[in-house]
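Just so you know, these numbers use all the heavy atoms, side chains as well, and skip hydrogens, waters and symmetry mates.
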Amino acid sequence: MLDQIHLLAAVTVLGVLEQAYFFLQVIYARRAFGISPPKISGPPEFERIFRAQVNSSEYFPIFLALLWQAGLFFHQGLAAALGLLYLYARYCYFMGYRASSSERLAPIYFSTGVLWILIAASALGIFHFFLSHYMGLNVLQLLTA
């Protein structure tokens, strides 16, 4: 069983580490700009870092659910590769947003595209599972016959 999920687990750990890095960046920015919790407003530089972290945190559960569904029901390797692309795009998003709000746009569009591909892979994998498990239809065998 573990050989079927090890790539997904590795990408999950990398994602958690990335989230921790983003959290730490907010802590460092709070110290640098003298903004104590629970305040969330301050100079634009702080607000961009804070928003980048919050936005990334909001999407993280969606990413994890899709990563694991696509990996379990479609293909572990493809899902893990897409997961790495997503994490890289989120890192670029964070760094771009940190520099300027306009520099976040290309990475956010790219990461959203990766999420849509994970949604499609998940849906196809689950649909194939239902067809084969409940109706006895193996679409892959029908396509290759």
Side-chain angles (χ1 to χ4, degrees), residues 1-133 137-140 142-144:
M1 168 77 179
L2 292 179
D3 62 331
Q4 297 172 348
I5 62 169
H6 65 287
L7 296 175
L8 302 175
V11 172
T12 299
V13 169
L14 285 174
V16 169
L17 291 173
E18 182 177 69
Q19 290 297 307
Y21 173 76
F22 295 161
F23 291 136
L24 288 173
Q25 294 307 299
V26 172
I27 291 170
Y28 297 147
R30 283 188 181 281
R31 289 179 185 156
F33 295 107
I35 300 170
S36 298
K39 285 181 63 177
I40 58 170
S41 61
E45 295 83 5
F46 169 76
E47 290 183 6
R48 288 194 309 266
I49 292 169
F50 181 78
R51 286 304 317 155
Q53 181 269 318
V54 170
N55 292 348
S56 295
S57 294
E58 290 170 346
Y59 276 88
F60 194 62
I62 296 167
F63 162 68
L64 285 180
L66 293 173
L67 172 74
W68 281 85
Q69 287 176 33
L72 294 174
F73 288 98
F74 192 78
H75 190 274
Q76 177 188 202
L78 177 65
L82 289 169
L84 290 174
L85 279 175
Y86 177 83
L87 294 177
Y88 176 72
R90 271 295 162 171
Y91 177 79
C92 292
Y93 166 81
F94 186 89
M95 295 315 228
Y97 205 169
R98 178 184 200 161
S100 165
S101 61
S102 63
E103 289 188 39
R104 78 189 194 288
L105 296 176
I108 195 68
Y109 294 146
F110 185 77
S111 65
T112 302
V114 172
L115 286 179
W116 279 108
I117 295 169
L118 284 170
I119 288 170
S122 298
L124 285 171
I126 292 168
F127 183 65
H128 178 261
F129 175 81
F130 282 140
L131 286 178
S132 63
H133 189 74
L137 293 173
N138 189 332
V139 177
L140 296 176
L142 292 174
L143 292 175
T144 57

Which pair of non-hydrogen atoms, one from [X] and one from [Y], has the smallest distance, and what is that distance?
{"X": "Q69", "Y": "S122", "value": "CB-OG, 3.5 Å"}
{"X": "V11", "Y": "L87", "value": "O-CD1, 3.7 Å"}
{"X": "S56", "Y": "R90", "value": "OG-NH1, 3.4 Å"}
{"X": "F46", "Y": "A29", "value": "CD1-CB, 3.8 Å"}
{"X": "L67", "Y": "A79", "value": "CD1-O, 3.3 Å"}

Legend entry - Partners meeting side chain to side chain contact (heavy atoms under 4.5 Å, CB included) with Q76 (sequence neighbours left out):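 With sequence neighbours excluded, Q76 shows a side chain to side chain contact (heavy atoms under 4.5 Å, CB included) to H6, L7, L8, given in chain and number order.
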
List the residues meeting side-chain hydrogen bond (donor to acceptor under 3.5 Å, both in side chains) with [X], not counting sequence neighbours, and say none if there are none.
{"X": "Q53", "result": "S57"}
{"X": "Y93", "result": "N55"}
{"X": "Q25", "result": "R98"}

Inset, instruction - For the pair F22 and Y91, name the ring-plane relationship: parallel under 30°, tilted 30 to 60°, perpendicular over 60°. - result: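 If you compare the ring of F22 with that of Y91, the planes turn out parallel.
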
Verify the neighbour count for atom [atom1] of [X]: are there more than 12 heavy atoms of other residues, nucleotides or ligands below 6.0 Å?
{"X": "I40", "atom1": "CD1", "value": "no"}
{"X": "F127", "atom1": "CZ", "value": "no"}
{"X": "Y59", "atom1": "OH", "value": "no"}

From [X] atom [atom1] to [Y] atom [atom2], the distance as rounded to the nearest 0.5 Å:
{"X": "L131", "Y": "I126", "atom1": "CG", "atom2": "CD1", "result": "12.5 Å"}
{"X": "S36", "Y": "R31", "atom1": "OG", "atom2": "CZ", "result": "11.0 Å"}
{"X": "I62", "Y": "L118", "atom1": "CD1", "atom2": "CG", "result": "12.0 Å"}

For residues 107-114, please give each side-chain donor-acceptor pair under 3.5 Å, one per line with the distance, not counting sequence neighbours.
| unit_1 | atom_1 | unit_2 | atom_2 | d |
| --- | --- | --- | --- | --- |
| S111 | OG | P107 | O | 3.2 |
| S111 | OG | I108 | O | 3.1 |
| T112 | OG1 | I108 | O | 2.7 |

Inset, instruction - For the residue pair L24 and I27, establish whether any side-chain heavy-atom pair is separated by less than 4.5 Å. - result: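 Answer yes - side chains close enough.
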
Legend entry - Any pair counted as ring pair (Phe, Tyr, Trp, His ring centres under 6.0 Å), so long as it reaches residues 68-87, sequence neighbours left out: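 Sorted pair list: F63-Y86, F73-F129.
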
